[in-house]
*Asks:* 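One structure coming up, written as structure tokens, with questions to follow.
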Amino acid sequence: MGGPPSSVGQANGGKLIGATPMEHKGKHHTFTWTAKKKKSNYGTLQMVALLKRAAATVDWAVDGPPLVLGSISYEHGGKIGSHKSHQTGRDVDILFYVVAKDGKRRQSKGFYKFDGVGNCEHKNCHGDKFDLQRNWWLVRTMVWSQKPHVQYIFVSKPLRKLMLAYAKKRGEHPEILRRAAKVMVQPGNSSPHADHFHVRIYCRKGDKTCKDFGPRWDWTRPQKETAKK
């Protein structure tokens with residue numbers, strides 16, 4: 001495919017030109033076995049940079065095992081199995097950080113559901129808890145990102161509520177709380193996302209082939225446009 005790197009079309013109907021591969025295993029991250037097998041570890045340069053930065057920030061803040069990633073996109077984009085999006089390199093699935101029954105942080109075993117108080121519901125992860133500290137650091141880093149801006153972090157309403165309550169209790173900055181409350185959403189047309197985060201970033205500025213849809217958060221708009229409100 002020729003032309004400059006580009007995310008073409010909408011997240012749920014497009015392709016990817018000049019994709020950036022993210023290594024299957026790095027210092028702060030790894031991919032699921034399925035994503036490795038499918039070779040769905042390609043994204044825009046901005047998405048890959050965000051994931052590496054976020055994973056490194058979490059490890060800097062709270063020591064523990066690496067971030068576990070699911071699919072981003074295929075090298076040339078397009079439909080991936082049953083996914084409705086992940087077609088343009090701007091979506092990624094991220095497994096939750098977890099704490100084992102003995103209190104030690106360990107690598108997530110898979111896409112397993114967590115209930116409203118943070119307990120894993122599947123027999124394969126019985127006793128595991130949703131790691132509020134590390135998961136909040138991940139969300140915090142992403143909502144504060146300026147290049148790229150994050151449009152959505154899809155996650156279930158109960159887990160969203162848990163994280164916001166935790167962040168407020170720890171004295172988080174009000175603007176970070178405000179952004180997280182808007183960006184974290186339980187989708188209405190798919191699973192509630194109680195087993196992973198699904199993150200979507202906006203199109204890169206100047207990429208005329210890329211098409212966003214959905215809300216444009218006020219902190220992502222040009223300064224002069226915000227001033228008109």
*Asks:* Start with the C-alpha gap between Lys15 and Glu75, add the side-chain angles, then the distance that decides, and say whether salt bridge (Lys or Arg N to Asp or Glu O under 4.0 Å) holds.
*Replies:* CA-CA 9 Å; Lys15 60 183 179 180; Glu75 182 177 2; over 6 Å; no
*Asks:* Enter the distance from Met163:CE to Lys161:NZ here, rounded to the nearest 0.5 Å.
*Replies:* 13.5 Å
*Asks:* For the atom pair CG (Leu67) and CG (Leu51), what is the distance rounded to the nearest 0.5 Å?
*Replies:* 7.5 Å
*Asks:* Do we see a donor-acceptor contact under 3.5 Å between the side chains of Ser85 and Asn12?
*Replies:* no
*Asks:* For a side chain to side chain contact (heavy atoms under 4.5 Å, CB included) check, start with the C-alpha distance between Gln10 and Thr88, then their side-chain angles and the critical distance, and finish with the verdict.
*Replies:* CA-CA 7 Å; Gln10 294 185 347; Thr88 62; over 6 Å; no
*Asks:* For a 4.5 angstrom cut-off between non-hydrogen side-chain atoms, does Lys157 reach Pro192?
*Replies:* no
*Asks:* With a 4.0 Å cut-off on N to O distance, would you call Asp63 and Arg134 a salt bridge?
*Replies:* no
*Asks:* Hey, are the side chains of Tyr166 and Gln133 touching, using non-hydrogen atoms and a 4.5 Å cut-off?
*Replies:* yes
*Asks:* Under 4.5 Å between any side-chain heavy atoms of Ile201 and Gln46, yes or no?
*Replies:* yes
*Asks:* Can you see whether Tyr202 has Arg216 sitting over its ring - NZ or CZ less than 6.0 Å from the centre and within 45° of the normal?
*Replies:* yes
*Asks:* May I ask you to check if Arg140 and Trp136 form a cation-pi contact, with NZ or CZ under 6.0 angstrom from the six-membered ring centre and within 45° of the axis?
*Replies:* no
*Asks:* So that I can tick it off, tell me whether Asp212 and Arg90 are bridged by a salt bridge, with the cut-off set at under 4.0 angstrom between side-chain N and carboxylate O.
*Replies:* yes
*Asks:* Show the numbers, then the answer: is there a side-chain hydrogen bond (donor to acceptor under 3.5 Å, both in side chains) between Thr209 and Ser6?
*Replies:* CA-CA 7 Å; Thr209 67; Ser6 183; 2.2 Å; yes
*Asks:* Taking the basic N atoms (NZ, or NE/NH1/NH2) and the acidic carboxylate oxygens, is any pair closer than 4.0 Å for Asp195 and Lys113?
*Replies:* no
*Asks:* Between Lys168 and Glu172, does any NZ, NE, NH1 or NH2 come within less than 4.0 Å of an OD or OE carboxylate oxygen?
*Replies:* no
*Asks:* Between atom CZ of Arg178 and atom NE2 of His173, what is the distance when rounded to the nearest 0.5 Å?
*Replies:* 11.0 Å
*Asks:* Quick one: pull up CD1 in Ile153 and CD in Gln186 and give me the separation to the nearest 0.5 Å.
*Replies:* 15.0 Å
*Asks:* Nearest 0.5 Å please: distance from the CH2 atom of Trp219 over to the CH2 atom of Trp144.
*Replies:* 10.0 Å
*Asks:* Taking atom types as modelled, find out whether His28 and Asp59 have a side-chain donor-acceptor pair closer than 3.5 angstrom.
*Replies:* yes
*Asks:* Would you tabulate the side-chain donor-acceptor contacts of residues 32-43 under 3.5 Å, counting partners in other chains and residues two or more places apart, or write 'none'?
*Replies:*
from	atom 1	to	atom 2	distance (Å)
Thr32	OG1	Ala35	N	3.2
Ser40	OG	Ser71	OG	2.7
Asn41	ND2	Met22	O	2.8

*Asks:* Report yes if the side chains of Val155 and Phe96 come closer than 4.5 Å at any heavy-atom pair, otherwise no.
*Replies:* yes
*Asks:* State, yes or no, whether a side-chain contact exists between His83 and Asp93 at a heavy-atom distance under 4.5 Å.
*Replies:* yes
*Asks:* Using side-chain heavy atoms (C-beta onward) and a distance below 4.5 Å, is Trp217 in contact with Val183?
*Replies:* yes
*Asks:* For Phe114 and Asn119, run side chain to side chain contact (heavy atoms under 4.5 Å, CB included): C-alpha distance rounded to whole Å, both residues' side-chain angles, the deciding distance at 0.1 Å, then the answer.
*Replies:* CA-CA 5 Å; Phe114 286 75; Asn119 295 313; 5.8 Å; no
*Asks:* Once rounded to the nearest 0.5 Å, what's the spacing between atom CZ of Arg221 and atom NE2 of His149?
*Replies:* 11.5 Å
*Asks:* Should the pair Phe154 and His193 be assigned to parallel (<30°), tilted (30 to 60°) or perpendicular (>60°) ring geometry?
*Replies:* tilted
*Asks:* State, yes or no, whether a side-chain contact exists between Trp137 and Thr57 at a heavy-atom distance under 4.5 Å.
*Replies:* yes
*Asks:* Measure the shortest side-chain to side-chain distance between Met47 and Val92 over non-hydrogen atoms and say whether it is less than 4.5 angstrom.
*Replies:* yes
